[in-house]
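This report refers to the structure that appears directly beneath it.
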Amino acid sequence: MAKITMLNPIVEMDGDEMTRILWGWIKETLIYPFIDLKTEYYDLSLPHREETGDQVTIDAGKGILRHQVGVKCATITPNTARMEEYRLTHLWKSPNATIRALLDGTVFREPILVSCIKPVVPTWVKPITIARHAYGDIYKGVEYRVPAAGTATLVFTDTQGKTWQEGICRFEGPGVLQGIHNKDSSIRAFAHACFRYALDKQQDLWFAAKDTISKQYDHTFKEIFQQTFETEYQDSFTASGITYRYTLIDDAIARAIRSAGGFVWACKNYDGDVLSDMVSSVFGSLGMMTSVLVSPEGNYEYEAAHGTVTRHYYRHLQGEATSTNPMATIFAWTGALRKRGDLDQTEPLSTFANALEKASLLVIESGKMTQDIGGLCTGMHPVILSSQEFIQAVRFQLERLLESRSA
Ligand code: NAP
Ligand code: MG
């Protein structure tokens with residue numbers, strides 16, 4: 001079979017540890033044999049970020065702004081233990097935070113559902129997409145460890161030099177301080193992305209925050225969402241028979257647990273970080289959670305929602321064949337390839353992406369899967385495969401699918 005050609009490249013961001021290993025296997029086995037792959041490659045592994053003073057992450061982000069589509073492998077966000085392990089000169093920032101800040105986008109996380117895995121919350125029969133605001137709050141926070149007694153004040157100076165200030169706390173001894181911010185423009189872009197995504201998916205949109213306590217900060221989010229909805233989306237929502245609702249974050253959690261799923265849940269940055277792990281665990285495994293960052297200009301960055309799976313990597317280094325789930329990473333590739341195909345009107349690329357997703361799902365539904373989801377499977381005795389065996393099984397299934405189509 002002739003390989004599919006691409007008109008424009010995808011920005012490819014390689015990463016760390018076990019996911020870097022999976023990345024290589026996925027490309028070798030599931031992509032190269034079928035596609036004449038065009039990528040602009042950036043190595044975001046921690047050693048290479050160290051070598052380039054993290055410039056490579058900024059270059060990769062700018063690459064996405066140029067080419068509109070990126071696919072990213074999980075990367076280590078260094079902490080002090082990693083600093084020693086990798087002999088770093090700096091505690092480099094999270095690459096995801098750097099790229100999100102460049103793209104100012106919204107992250108949509110959706111679980112991959114398979115019929116043999118019943119969610120832990122039995123009422124959740126439809127997927128819940130977490131839409132995570134990807135700018136600001138604690139992820140762009142400034143922190144200070146207060147060493148001793150003193151006074152903390154919040155000060156704002158406008159461009160004319162006029163100041164506003166208010167006391168935060170009079171410390172009698174040591175403590176902690178944090179300064180966080182967000183911008184109306186970013187919140188508005190977030191709101192637009194969520195309303196558009198909900199219309200695209202034909203699903204209700206929920207937004208939740210804590211405006212009863214946070215009377216300026218969270219209240220601003222609530223107001224901007226409401227205004228955006230009323231001025232631009234209310235009519236289309238009504239026509240589609242879908243709804244938008246705002247609730248307090250604690251109430252939203254209680255309602256979500258009792259719901260049937262099937263909605264888009266817009267979350268502030270931190271809430272989205274936490275809730276996406278909860279949602280993915282309910283539906284199966286972190287290895288089954290996809291993630292896409294969408295910028296207001298229509299740039300897309302696809303990745304798995306999970307990290308570099310360090311524990312598996314150390315076992316891999318000792319020669320063990322680990323059963324790390326490659327599904328979310330495969331779906332990051334299919335998401336990027338399909339988007340490239342759609343944007344460039346290269347239909348075979350989008351069709352291939354759909355076939356690869358279908359083949360992966362068929363393998364799991366035939367009872368072959370990785371360890372993490374094996375125990376969650378009902379109505380069959382699953383065969384547990386190593387990552388490489390699973391990827392091989394997908395290859396076999398994919399070839400059969402493509403052959404039956406070309407026949
Ligand atoms: P993690 O890599 O997501 O793994 C946490 C645990 O979840 C694993 O130990 C494993 O459980 C399970 N798991 C996650 N993905 C799996 C998969 N594909 N297949 C099977 N099991 C899976 O999170 P972490 O251990 O907290 O973080 C490791 C590194 O990843 C850190 O350096 C962190 O900075 C980085 N990280 C990167 C990103 C990103 O680039 N987007 C996101 C999060 C974390 P068992 O060990 O019990 O099998
Ligand atoms: Mg997280």
Side-chain angles (χ1 to χ4, degrees), residues 13-23 25-26 42-47 49-50 54 57 60-61 70-86 88 91-100 103 105 107-109 111-112 117 130 132 134 139 269-270 272-274 276-293 301-316 320-333 335 360 364 369-377 382 384-391 394:
M13 291 155 281
D14 211 339
D16 290 297
E17 300 193 316
M18 199 60 217
T19 41
R20 187 182 178 93
I21 307 290
L22 295 178
W23 196 259
W25 290 339
I26 290 168
Y42 295 91
D43 181 3
L44 299 197
S45 67
L46 189 49
R49 277 179 274 150
E50 167 72 20
D54 208 24
T57 310
V71 60
K72 181 181 168 290
C73 178
T75 45
I76 294 169
T77 299
N79 53 19
T80 44
R82 297 295 201 164
M83 197 154 172
E84 275 175 35
E85 184 184 353
Y86 285 85
L88 304 178
L91 267 184
W92 303 112
K93 279 205 300 197
S94 148
N96 287 26
T98 303
I99 294 168
R100 274 176 213 148
L103 268 66
V107 177
F108 295 91
R109 288 193 176 159
I112 304 164
I117 299 173
I130 297 286
R132 174 179 171 190
Y139 302 85
N269 212 343
Y270 173 79
D273 190 349
V274 176
S276 67
D277 281 25
M278 198 262 294
V279 168
S280 64
S281 306
V282 169
F283 280 110
S285 153
L286 265 176
M288 299 286 279
M289 192 75 164
T290 64
S291 182
V292 55
L293 173 68
E301 185 215 33
Y302 295 84
E303 62 167 347
H306 60 77
T308 59
V309 212
T310 311
R311 293 205 321 164
H312 294 213
Y313 180 58
Y314 291 145
R315 299 214 306 266
H316 166 81
E320 193 185 319
T322 68
S323 186
T324 318
N325 192 340
M327 283 292 282
T329 306
I330 294 174
F331 274 60
W333 273 100
S360 314
I364 297 181
M369 60 198 75
T370 46
Q371 184 85 45
D372 54 316
I373 53 174
L376 308 168
C377 213
I384 305 301
L385 303 182
S386 69
S387 307
Q388 266 185 306
E389 288 166 341
F390 180 82
I391 292 169
V394 173

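The chain is numbered in sequence order, starting from 1. Bear in mind the structure is a predicted one, so any value in this text is a computation, not a measurement. In each ligand, atom 1 is the first atom listed, and ligand 1 is the first ligand listed.
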If you measure every N/O of [X] against every N/O of ligand 1, is any gap under 3.5 Å?
{"X": "Cys73", "result": "no"}
{"X": "Ile76", "result": "no"}
{"X": "Thr324", "result": "no"}
{"X": "Thr75", "result": "yes"}

*Please report the C-alpha distance between Ile373 and Thr370 in whole Å, then the side-chain angles of each, then the deciding distance to 0.1 Å, and finally whether the side chain to side chain contact (heavy atoms under 4.5 Å, CB included) criterion is met.*
CA-CA 6 Å; Ile373 53 174; Thr370 46; 4.2 Å; yes
Which bit of [X] gets closer than 4.0 Å to ligand 1, counting heavy atoms only: side chain, backbone, both or neither?
{"X": "Asn79", "value": "neither"}
{"X": "Glu17", "value": "neither"}
{"X": "His312", "value": "side chain"}
{"X": "Asp372", "value": "side chain"}

*Do the ring planes of His316 and Trp25 sit parallel (below 30°), tilted (30 to 60°) or perpendicular (above 60°)?*
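Plane angle over 60°, so perpendicular.
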Check ligand 1 against [X] and write out every atom of the ligand that is under 4.0 Å from a heavy-atom position of the residue.
{"X": "Gly287", "result": "17 (C), 18 (N)"}
{"X": "Arg82", "result": "29 (C), 31 (C), 32 (O)"}
{"X": "Lys72", "result": "40 (O)"}
{"X": "Thr310", "result": "28 (C), 29 (C)"}
{"X": "Ala74", "result": "40 (O)"}

If you measure from [atom] to every heavy atom of [options], which option wins on shortest distance?
{"atom": "atom 8 (C) of ligand 1", "options": "Val309, Asn96, Asp277", "value": "Val309"}
{"atom": "atom 46 (O) of ligand 1", "options": "Arg311, Met327, Met289", "value": "Arg311"}
{"atom": "atom 38 (C) of ligand 1", "options": "Ser94, Ser291, Gly307, Ala81", "value": "Gly307"}

*Is the backbone N or O of Thr290 less than 3.5 Å from a side-chain atom of Arg109, with the two atoms forming a donor-acceptor pair by type?*
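No: the side chain of Arg109 does not pair with the backbone of Thr290.
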*Nearest 0.5 Å, what's the CD1-CD1 distance between Ile26 and Ile391?*
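Between Ile26 CD1 and Ile391 CD1, I get 5.0 Å after rounding to 0.5 Å.
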*side chain to side chain contact (heavy atoms under 4.5 Å, CB included) involving Arg82 - partner list, sequence neighbours excluded*: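 Partners of Arg82 under the side chain to side chain contact (heavy atoms under 4.5 Å, CB included) test: Glu17, Ile76, Pro78, Asn79, Glu85, Tyr86, Thr308, Thr310, Tyr314.
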*Is there a donor-acceptor contact under 3.5 Å linking the side chains of Ser94 and Asn96?*
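Looking only at side-chain atoms, Asn96 and Ser94 do not form any donor-acceptor pair under 3.5 Å.
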*Apply side chain to side chain contact (heavy atoms under 4.5 Å, CB included) to the pair Trp333 and Trp23, showing each step before the final yes or no.*
CA-CA 9 Å; Trp333 273 100; Trp23 196 259; 3.5 Å; yes
*asked:* Going by side chain to side chain contact (heavy atoms under 4.5 Å, CB included), Leu22 matches just one of Ile330, Thr324, Asn325. Which one?
replied: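 Result: among Ile330, Thr324, Asn325, Thr324 is the only option passing the side chain to side chain contact (heavy atoms under 4.5 Å, CB included) with Leu22.
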_Results of salt bridge (Lys or Arg N to Asp or Glu O under 4.0 Å) for Asp14 - residues two or more places apart only_ =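 Asp14 satisfies salt bridge (Lys or Arg N to Asp or Glu O under 4.0 Å) with Arg20 once adjacent residues are dropped.
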*Arg49 and side chain to side chain donor-acceptor pair (under 3.5 Å): which partner among Thr98, Thr75, Asp16?*
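So the option named by the test is Asp16.
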